[in-house]
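One-based numbering, in listed order, for ligands and for the atoms of each.
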Amino acid sequence: MSIGSFHPNVRTLMGPGPADVHPRVLAALARPTIGHLDPQFVAMMEELKDLLRYAFRTENRLTMPVSAPGSAGMETCFVNLVEPGDQVVVCINGVFGQRMKENVERCGGVPILVNEPWGRAVDPGRLEDALKANPEARIVAFVHAETSTGACSDAKTLVEIAHRHECLTIVDAVTALGGCPLEVDAWGVDAVYAGSQKCLSCTPGLAPLSLNERALEKIQGRATRVQSWFMDLNLVMGYWGGEHKRTYHHTAPVNALYALHEALVMLREEGIENAWARHRRHHLALRAGLEALGLELIVPEAERLPQLNAVSVPAGVDEALVRARLLAEYSLEIGAGLGALAGKVWRIGLMGYSARAENVLLCVGALGAVLNDLGVSADTGAAVSSTHAALLP
Ligand SMILES: *Cc1c(COP(=O)(O)O)cnc(C)c1O
């Protein structure tokens, strides 16, 4: 056997992430690698922090990318903010809320659960009840954009309730950032993390994160040391923090950071409000096409994310076969259901560079054609027309 260079096919990525990476971002990855303490690199890092503040809509000084995927952004927030014995209210309406609970337990914290049906937003009234019943709780954690179901929770209201009960908030914005309104400062979110590969049109592997001064006070007032050396923000800040004296902590993923920088430059060129509107516009076009195919979105309209569309699989259809055929015949990737929704839904992502007209048209046309071929009666031509009509300015 001879092993040569790896050349994957070009795919259209419309699953739950990674999403399509913009060619400008891929080109940025190929620029010369320089030292991670090189003055040029350090200047780029400062710009990157400013660009992230733009994306998160915050002035937080601690705003930077963790050198690892979104899950590490999650873990960084929990290991720094949760001390053994801390009561943490965790709202669970999908897979990622469950992971938050895991994190609390592994930090020695005591999770207090607000369980919601999958496919629904977190109910603010139920959070309020949990906080009234547990006055010792000091942290509330929830997922803003639950990628496993496509539900968007009202982050502004949830944060308001948490603050009224003297709790800090940890918000998962991995799929939210860049795809739907997120206002870290205006809403008072205390700790938030995201991912590079969802609505930022960037490659996987980095977790932008931002903490406000209240969150930093909690970390500085810890009675115990953060048990993770790599994620201890006190140490990480020695590298990312000071503009002048930076000390080696770990070797930054140099080229990956060029990619994130480029992706964020593009976000600023587009304007973040325009990016939110673009996700919504393409979501409405996709919805028009899916509904014309007779398919249903599982999340009630008012709670739907534009960037992640969970669609019921029609009765009698082998959902895995449909995905396999879309990949083989159209080089199109859509996602399977996760957890409680496994086998029941497809998850169609419209994230970042994937949220564009040709992707929506391909998806509606290809899905319709495959379903027709499997004997499902649906008017694929009419669905493509509906999609087209919804895309017209
Ligand atoms: C994708 C995702 C994560 C995990 O990010 P990875 O980069 O896969 O580690 C966490 N939370 C949500 C809501 C996500 O969509």
Side-chain angles (χ1 to χ4, degrees), residues 13-21 25 52 55-56 65-79 90-104 106 116 118-122 141-155 158 169-182 184 189 191-210 228 230-231 253 256-257 259-260 263 279 299 303-310 333-341 345-352 354-355:
L13 299 178
M14 298 182 72
D20 285 346
V21 176
V25 174
L52 283 175
F56 277 123
V66 175
S67 304
S71 305
M74 179 186 289
E75 192 143 345
T76 299
C77 288
F78 283 92
V79 296
V90 183
C91 305
I92 302 182
N93 61 339
V95 166
F96 294 101
Q98 285 181 332
R99 289 198 183 169
M100 288 178 141
K101 167 180 171 273
E102 271 277 314
N103 271 271
V104 170
R106 286 172 189 242
E116 299 286 2
W118 287 40
R120 297 301 306 270
V122 174
F142 65 89
V143 178
H144 182 195
E146 184 43 89
T147 321
S148 63
T149 68
C152 183
S153 289
D154 179 354
L158 297 176
T169 47
I170 298 178
V171 177
D172 179 319
V174 175
T175 285
L177 186 67
C180 60
L182 167 65
V184 169
V189 175
V192 60
Y193 57 89
S196 48
Q197 80 277 28
K198 309 254 166 124
C199 295
L200 298 178
S201 315
C202 187
T203 45
L206 292 170
L209 154 152
S210 187
S228 162
F230 184 72
M231 291 175 187
L257 292 173
L260 182 61
H279 283 87
V299 176
E303 298 172 6
R304 267 178 212 160
L305 286 169
Q307 61 271 50
L308 195 287
N309 300 269
E333 178 180 279
I334 65 170
L338 267 189
L341 295 175
V345 300
W346 291 302
R347 288 181 301 150
I348 303 179
L350 287 170
M351 300 181 181
S354 290

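The closest approach between any non-hydrogen atom of Ala176 and ligand 1 is not below 4.0 Å.
Here the protein heavy atom with the shortest distance to atom 11 (N) of ligand 1 is Asp172 OD2, 2.6 Å. Closest to atom 6 (P) of ligand 1, if we only count protein heavy atoms, is Gly70 N, 3.5 Å. Closest to atom 9 (O) of ligand 1 among all protein heavy atoms lies Ser71 OG, 2.5 Å. Nearest to atom 8 (O) of ligand 1 among the protein's heavy atoms is Gln197 NE2, 3.7 Å. For atom 3 (C) of ligand 1, the closest heavy atom belonging to the protein is Phe96 CE2, 3.4 Å. In terms of protein heavy-atom proximity, atom 15 (O) of ligand 1 is closest to Thr147 OG1, 2.3 Å.
Annotation: side chain of Cys152 is not in contact with side chain of Glu303 (no heavy-atom distance under 4.5 Å). Between Phe142 and Val171 there is a side-chain heavy-atom pair separated by less than 4.5 Å. Under the 4.5 Å side-chain criterion, counting only non-hydrogen atoms from C-beta, Glu146 is not in contact with Ser153. Counting only heavy atoms from C-beta outward, the side chains of Trp118 and Leu341 approach each other to under 4.5 Å. Counting heavy atoms from C-beta on, the side chains of Cys77 and Leu209 come closer than 4.5 Å.
Ligand-side atoms of ligand 1 in range of Ala145: 13 (C), range being under 4.0 angstrom from any heavy atom.
A cation-pi contact, defined as under 6.0 Å to the ring centre and within 45° of the axis, is absent between Lys101 and Phe78.
At a 3.5 angstrom cut-off on N or O pairs, Tyr193 does not count as close to ligand 1.
One option in Lys198, Glu146, Met351 has a heavy atom closer to atom 1 (C) of ligand 1 than any other, and that option is Lys198.
Summarising the geometry of Gly178 relative to Cys199, their closest heavy-atom pair is C-CB, 3.8 Å, with the distance given to 0.1 Å.
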